[in-house]
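Reading through the structure tokens given below for one structure.
In the text below, chain A, chain B and the rest are named by the order of the sequence lines, each starting its count at 1.
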There are 2 protein chains.
Amino acid sequence: MSDTRTRILDLANQLTQSKGFNGFSYLDLAAEIGIKNSSIHYHFKAKADLALAMVERHRETTTKQFAQLDHGVESPQARLSSVIRYFEADLRDGKICLCGMMAAEFQSISEEVRRELALYFRGFQDWLSKQFSEMGHANPPQSALQFLSALEGSLLLARIQGDVSVVSQALDGFVNG
Amino acid sequence: MSDTRTRILDLANQLTQSKGFNGFSYLDLAAEIGIKNSSIHYHFKAKADLALAMVERHRETTTKQFAQLDHGVESPQARLSSVIRYFEADLRDGKICLCGMMAAEFQSISEEVRRELALYFRGFQDWLSKQFSEMGHANPPQSALQFLSALEGSLLLARIQGDVSVVSQALDGFVNG
DNA sequence: GATTGTATCTACATACATGTAGGTAGATAT
DNA sequence: ATATCTACCTACATGTATGTAGATACAATC
């Protein structure tokens, strides 16, 4: 386990969230980390390999975080609020959802990464669905899809409008209503 | 007014919707249109100029289309349905909202284009707000923001899931409910 | 008829992105 | 001690993106 590999993944993740996966190069990663770009190639032979590793890792991390929320937070409303605050925090650094960003870059990513993204969103929707089910919603999967859509869209809008509160304006109805 | 200029704008618009503004080059435009890339530079000195012209034109077009809907379609519900069908049609060609795509590319676009995008979304929200006002919603601007967020997000999700119906699942509640 | 403007071209300059080839220095295993 | 592995390096090859300089052909204006 090289620490460098983790640093590459961390940095690539941050840069993808702010500038998109096509918005940075191996040279950028190398310069920031303080090694040569060929060393990035040592860890991730091609940039497509980095994309896949990054999205896979993010999906695992997210799955664990959902499990932690299920154990540590009692009400589904409080869990949803917690998720919203998580994305708002990234947004304050100009970062949107990693997978939302890569979904916009759909056309330039590999079939494998597309599958991973679809699985991420599927997992997210399933988790949301359980929350809305607990909250007694009539159609939990649909509520989940509405929440997820509104989340991804509001992140884009909020960044353009320079107003983080757009996210809660778009989503608070799901937590209270 | 050269027809070439319009063809460049049309093609750039389509490519931005499917691959993003950073997803194509002047060489791509030139090859498709059948001229040399320096001729593209003749019409739009730098790519940033093309971006600005494209977004300005799109904002004007959209404003006119909203006015046409206001005149030609009687109920606000039918107008919203019409807007949804418009985006679904593009989505079937792998194209999402031009400004949603460019919002994802926020970090690499000029301050001027950012302002244009903010104006586009502001105009869109204001128009939606009028529709929800006519429909008797308690908080029209918030309904408008929720609709717009859900629209932009659902386009991303639908393309990744390969399922156009995601859009109507996310938005039908606004038209009926 | 001479000048200017429009729309295109050829040719080139610069920079950068992606990736390969092959080498090195230190740690680990046999 | 030798061989192999890990993590990095230098150097380079190739392709592409953006953009500039200057020429050309043709139409419109003066």
Sole residue of A:Pro140, A:Ser143, A:Pro76 in side chain to side chain contact (heavy atoms under 4.5 Å, CB included) with A:Ser133: A:Pro140

Identified side chain to side chain contact (heavy atoms under 4.5 Å, CB included) counterpart of B:Leu11 within the set B:Ile33, B:Thr6, B:Ile40: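 Of the listed residues B:Ile33, B:Thr6, B:Ile40, the side chain to side chain contact (heavy atoms under 4.5 Å, CB included) partner of B:Leu11 is B:Ile33.
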
Distance-only donor-acceptor test, B:Ser38 side-chain atoms vs C:dT8 base atoms, 3.5 Å: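 Per atom types, no contact qualifies.
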
Please tell me if [X] has a side-chain N or O lying less than 4.0 Å from either OP1 or OP2 of [N].
{"X": "A:Lys45", "N": "C:dT20", "result": "yes"}
{"X": "A:Ser25", "N": "C:dC16", "result": "no"}
{"X": "B:Tyr42", "N": "C:dA7", "result": "yes"}
{"X": "A:His41", "N": "C:dA21", "result": "no"}
{"X": "A:Lys36", "N": "D:dA11", "result": "no"}

Expressed as a whole number of angstroms, how long is the span from [X]:[atom1] to [N]:[atom2]?
{"X": "A:Asp49", "N": "C:dT20", "atom1": "CG", "atom2": "P", "result": "10 Å"}
{"X": "B:Asp3", "N": "C:dT6", "atom1": "CG", "atom2": "C1'", "result": "15 Å"}
{"X": "A:Lys47", "N": "C:dC16", "atom1": "NZ", "atom2": "C1'", "result": "12 Å"}
{"X": "B:Ile40", "N": "C:dT8", "atom1": "CD1", "atom2": "P", "result": "9 Å"}
{"X": "A:Arg5", "N": "D:dC8", "atom1": "CZ", "atom2": "P", "result": "12 Å"}
{"X": "B:Arg7", "N": "C:dA7", "atom1": "CZ", "atom2": "C1'", "result": "13 Å"}
{"X": "A:Leu27", "N": "C:dG19", "atom1": "CG", "atom2": "P", "result": "12 Å"}
{"X": "A:Leu50", "N": "C:dG19", "atom1": "CG", "atom2": "P", "result": "11 Å"}

Side chain of B:His43 (C-beta onward), nearest among C:dA17, D:dT18, C:dA7: C:dA7

Side chain of B:Asp28 (C-beta onward), nearest among C:dT18, D:dC8, D:dA17: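 Nucleotide nearest to B:Asp28's side chain: D:dA17.
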
Path from B:Leu52 to B:Met102 over hydrophobic side-chain contacts below 4.5 Å: yes

B:Asp28 and B:Ser25 side chains, donor-acceptor separation under 3.5 Å: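 Note: B:Ser25 and B:Asp28 side chains meet the donor-acceptor criterion.
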
Gap between atom NZ of A:Lys47 and atom OG of A:Ser110 - 0.5 Å precision: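 Here the rounded value is 12.5 Å.
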
